[in-house]
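To start, the structure itself, in structure tokens.
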Amino acid sequence: MVKIGEGIEVREELIKKACNLAMEAHNLSPEKPYIYKKINGSTDVVIAFAGTLSFDGWYSNTSFGETEINTTLFPSLRSVGTDEVAKVNEAFARRFQDILDKSSLKNEVEKAMSKGRQVVFAGHSSGGAIAILAALWCLECCRTRPEGDMLVHLYCMTFGSPLVGNKIWSHALRRENWARYFIHFVMKYDIVPRMMLAPLSSIQELLQAISPFINPKSQYYQRDAVARSSNALNFFMTVMRNASSVASYAACNLKGCTNLLLETVSNIVQLSPYIPFGTYIFCTGNRKLVVVENPDAVLQLLFYSSQLSSEAEAVVVVARSLNDHLLYTNEMQDSLEMQDVIHLNNLTDIPLSSNVDPSDEVASMNSALNDLGLSTRARLCLRAAGEWEKQKKKNEEKIEQNKSSIRDALSKIQEYQTKCDIRKVGYYDAFKIQNTEDDFKANVKRLELAGIWDEIIEMLKRYELPDSFEGRRDWIELGTQFRRQVEPLDIANYYRHLKNEDTGPYLIRARPKRYRFTQRWLEHFDKVQAGARSESCFWAEVEELRNKLFAQVQDRVLSLETAANIWIQSSLLGDDVFFPESTYTKWWKTLPPQHKQTSWVSEKITP
């Protein structure tokens with residue numbers, strides 16, 4: 001049997017320490033924002049964050065309290081291709097920013113990391129949300145430094161944490177391979193990890209009524225009367241009713257449901273944007289642990305593991321939904337000693353029947369799923385999550401088969417470019433004129449490549465490829481080669497047919513997503529600002545500038561020349577730009593003499 005520490009590569013003793021400190025920080029809230037503790041006998045440092053028990057520390061003014069993440073602080077939390085920014089709970093983000101600005105957290109983390117210490121960010125309840133943001137901030141800082149090995153010295157452990165970010169957030173962390181640093185423990189009935197699935201308006205008053213139960217400073221702390229009150233019951237039922245809507249909609253998408261009614265309802269009823277990420281460890285309540293890494297499966301488990309088997313059970317379950325939130329210390333102690341751990345790595349193999357056959361190889365898994373109270377429907381949803389993950393990998397394998405076709409076509413276009421250079425006619429201008437059979441053949445290859453890449457981009461837009469795809473170096477390099485070689489031909493074709501007169505400038509109105517996406521991949525990989533790798537758009541800018549008065553576009557001309565100088569020196573632009581009959585040379589010769597006299601281009605172009 002695999003121990004929990006071996007499966008997630010974290011020592012059990014460190015998990016216990018992190019949990020104890022997280023609960024201690026919760027009890028100190030709000031006096032201290034966090035506890036900084038060096039673990040004796042090791043190089044570990046635990047930073048445990050206190051949560052907040054005030055309502056505005058959980059929700060802001062929007063239905064679910066979400067807002068776009070601060071991309072200055074978290075530049076990686078976006079979809080690279082679509083450039084869509086991740087959403088985060090605004091209240092949690094605001095509290096973390098406040099801690100970062102007003103405490104010594106930054107200095108303490110940097111000092112610990114510089115000494116090679118393993119830093120563990122931990123938190124219970126909303127303190128877990130702050131720990132998540134702190135760990136992400138630290139990962140972003142590490143990403144910008146050359147010492148990439150610093151990443152292995154970081155973990156984040158949460159206990160009963162609410163959900164924090166949306167689908168883009170989860171996607172970005174898996175792309176960056178950061179999800180593995182986040183470990184979330186969830187008790188079977190704990191309501192807090194589920195509560196962000198409900199809108200603010202539906203639970204505001206109820207939350208304020210029951211919050212004293214989990215407030216160590218309140219006289220009603222852990223009072224049974226609060227846990228068994230009608231407010232607690234209504235709160236639980238409201239959260240789970242909304243969780244049902246979110247889980248059902250997600251399950252329909254996983255199963256490929258194309259019912260138009262489903263789409264119509266989703267447009268009318270606003271669903272929670274929050275999605276799990278990282279490794280989730282569900283505590284069954286009888287010293288068993290179920291480990292899940294698939295975020296779609298986790299979302300289903302958050303709903304199905306808290307179901308009522310009967311109305312008579314409601315009072316007990318509702319009370320446990322609050323009590324469980326405060327029992328992580330005992331649960332960690334008991335469960336980690338028992339080491340009865342089930343890893344749901346192969347979701348498609350999950351048994352649909354709840355009948356346990358001791359001789360069956362999945363008997364222990366089935367027993368743990370029964371302890372979580374999973375029905376056949378729940379198991380089908382978990383299987384669907386596994387099937388969707390497999391389908392993404394199959395899609396990736398399918399496009400992998402296109403690599404040789406892409407390289408062959410790029411090789412033909414390179415041959416075409418070489419032939420044009422020999423004739424002292426740049427391949428941009430030759431393609432634009434379309435006078436030879438070689439030009440026709442190059443156009444065929446351009447269209448073939450466009451079809452292959454457009455299919456890839458559409459898959460990415462629909463999230464039909466593994467989240468890690470946009471971070472793969474081999475595809476980034478191949479996409480860059482494709483963009484640099486082929487986009488000039490698309491630009492030539494666009495202006496050859498005078499499409500700019502009807503549609504507008506290529507860069508503003510007509511640039512295909514296959515080039516936008518691949519450019520953003522490289523910029524993200526190189527950690528540079530947007531637009532810094534726009535060398536393939538050189539000819540589009542030339543075409544727009546050459547039909548305007550110099551006085552109107554002088555600054556743009558200077559910017560283009562500055563960029564072109566860098567691209568020439570980096571061999572990203574060739575000398576064909578300066579051939580006597582090139583579009584660029586002809587236009588540049590028409591520029592005012594005073595500009596030409598001071599331009600570096602004068603050294604390349606013969607008057």
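Computed over heavy atoms, backbone and side chain alike; hydrogens, waters and symmetry mates excluded. Values in this document were obtained by computation on a predicted structure and should not be read as measured data.
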**Message:** Under 4.0 Å between a side-chain nitrogen and a carboxylate oxygen: does that hold for Glu396 and Lys392?
**Reply:** no
**Fill in**
Correct closest heavy-atom pair for Tyr463 and Glu84 would be OH-OE1, 4.4 Å
**Fill in**
To the nearest 0.5 Å, atom CG of Leu254 lies from atom CD of Glu387 at 11.0 Å
**Request:** Report yes if some heavy atom in the side chain of Leu374 is under 4.5 Å from a heavy atom in the side chain of Leu301; otherwise report no.
**Result:** yes
**Message:** What I'd like to find out is whether the side chain of Asn166 reaches to under 4.5 Å of the side chain of Glu66, using heavy atoms alone.
**Reply:** no
**Taking every non-hydrogen atom, the tightest pair across Tyr59 and Ala198** = OH-O, 3.5 Å
**Asked** Can you list the steps and then say if Ser364 with Lys288 is a side chain to side chain contact (heavy atoms under 4.5 Å, CB included)?
**Response** CA-CA 10 Å; Ser364 58; Lys288 293 179 183 177; over 6 Å; no
**Request:** Please work out whether the ring planes of Tyr328 and His325 are parallel, tilted or perpendicular, with thresholds of 30° and 60°.
**Result:** perpendicular
**Side-chain heavy atoms of Ile399 within contact of Phe469, under 4.5 Å** = yes
**Request:** Look only at the side chain of Gln307 and the backbone of Phe303, and say whether a donor-acceptor pair between them is shorter than 3.5 Å.
**Result:** yes
**Message:** Does either side chain, that of Gln519 or that of Arg511, offer a donor lying less than 3.5 Å from an acceptor on the other one?
**Reply:** yes
**Message:** I'd like to know whether Ile168 forms a side chain to side chain contact (heavy atoms under 4.5 Å, CB included) with Leu77, so could you lay out the CA-CA distance, the side-chain angles of the two residues, the decisive distance to 0.1 Å, and finally the verdict.
**Reply:** CA-CA 7 Å; Ile168 302 298; Leu77 292 188; over 6 Å; no
**Message:** Tell me whether Asn177 contacts the main-chain N or O of Ser468 through its side chain, where contact means a donor paired with an acceptor under 3.5 Å.
**Reply:** no
**Prompt:** Under 6.0 Å from the CD atom of Gln97, do we count more than 12 heavy atoms belonging to anything else shown?
**Reply:** yes
**Asked** Pick from Ile132, Leu105, Val88, Asp101: which one makes a side-chain contact (heavy atoms from CB on, under 4.5 Å) with Phe96?
**Response** Leu105
**Request:** Check whether any side-chain N or O of Ser244 sits under 3.5 Å from a backbone N or O of Met240 as a donor-acceptor pair, and report yes or no.
**Result:** no
**Prompt:** Just by modelled atom types, is the Asp349 backbone N or O under 3.5 Å from a matching donor or acceptor in the Asn346 side chain?
**Reply:** no
**Message:** Distance check, rounded to the nearest 0.5 Å: Ser335 atom OG versus Met187 atom CE?
**Reply:** 7.5 Å
**Side-chain donor-acceptor contact under 3.5 Å, Thr52 with Arg95** = no
**Message:** Do Arg175 and Ser76 have side chains that approach each other closer than 4.5 Å (heavy atoms only, starting at C-beta)?
**Reply:** yes
**Asked** Going by the angle between their ring planes, with limits at 30° and 60°, are Trp521 and Trp453 parallel, tilted or perpendicular?
**Response** tilted
**Message:** With a 4.0 Å cut-off on N to O distance, would you call Lys461 and Glu458 a salt bridge?
**Reply:** yes
**Fill in**
Correct closest heavy-atom pair for Leu382 and Leu347 would be O-CB, 3.6 Å
**Request:** Please determine, by modelled atom types, if Thr284 and Asn286 share a side-chain donor-acceptor pair under 3.5 angstrom.
**Result:** yes
**Request:** Might you confirm whether atom NZ of Lys398 has over 12 heavy atoms from other residues, nucleotides or ligands at distances under 6.0 Å?
**Result:** no
**Message:** When you compare the side chain of Phe185 with that of Phe282, does any pair of heavy atoms fall below 4.5 Å?
**Reply:** no
**Asked** Do the rings of His26 and His124 sit parallel, tilted or perpendicular, given the 30° and 60° boundaries?
**Response** perpendicular
**Request:** Working to the nearest 0.5 Å, report the span between CD1 of Ile191 and CG of Leu197.
**Result:** 9.0 Å
**Message:** Are the side chains of Arg174 and Pro295 in contact, using a 4.5 Å heavy-atom criterion?
**Reply:** yes
**Message:** In the structure I gave you, are the side-chain heavy atoms of Pro162 and Phe92 within less than 4.5 Å of one another anywhere?
**Reply:** yes
**Asked** Just by distance, do the side chain of His343 and the backbone of Glu293 share a donor-acceptor pair under 3.5 Å?
**Response** no
**Message:** I'd like to know if the side chain of Lys188 reaches the main chain of Asp324, judged simply by a donor and an acceptor atom lying under 3.5 Å from each other, with no hydrogens or angles considered.
**Reply:** no
**Item:** Distance-only donor-acceptor check, side chains Arg194 and Ser272, under 3.5 Å
**Value:** no
**Prompt:** With distance as the sole test, does Ser211 use its side chain to make a donor-acceptor pair with the main-chain N or O of Gln208 at under 3.5 Å?
**Reply:** yes
**Asked** Quick check: does any side chain N or O of Ser170 sit under 3.5 Å from a backbone N or O of Pro276, one acting as donor and the other as acceptor?
**Response** yes
**Nearest-0.5 Å distance, CZ of residue Phe74 to CH2 of residue Trp169** = 6.5 Å
**Asked** Would a 4.5 Å heavy-atom cut-off, applied to side chains only, mark Leu302 and Val246 as touching?
**Response** no
**Prompt:** So how far is it from Thr518 OG1 to Arg520 CZ, rounded to the nearest 0.5 Å?
**Reply:** 10.0 Å
**Request:** Applying side chain to side chain contact (heavy atoms under 4.5 Å, CB included), run through Ile350 and Arg379 and close with a yes or a no.
**Result:** CA-CA 7 Å; Ile350 286 177; Arg379 294 163 188 246; 4.1 Å; yes
**Request:** Say whether, by atom type as modelled, one donor and one acceptor occur between the side chain of Asn366 and the main chain of Ser353 under 3.5 angstrom.
**Result:** yes
**Asked** Side chains of Trp475 and Glu400: do they bring a donor and an acceptor to under 3.5 Å?
**Response** yes
**Message:** We want to know whether Glu464 and Asn395 form a side-chain donor-acceptor pair, criterion being a heavy-atom distance below 3.5 angstrom.
**Reply:** no
**Prompt:** Just by distance, do the side chain of Asn323 and the backbone of Ala319 share a donor-acceptor pair under 3.5 Å?
**Reply:** yes
**Message:** Just verifying a value: how many Å separate Leu326 CG and Asp190 CG, rounded to the nearest 0.5 Å?
**Reply:** 8.5 Å
**Request:** Kindly give the heavy-atom pair with the smallest separation between Thr62 and Leu200, and that separation in Å.
**Result:** O-CD2, 4.0 Å
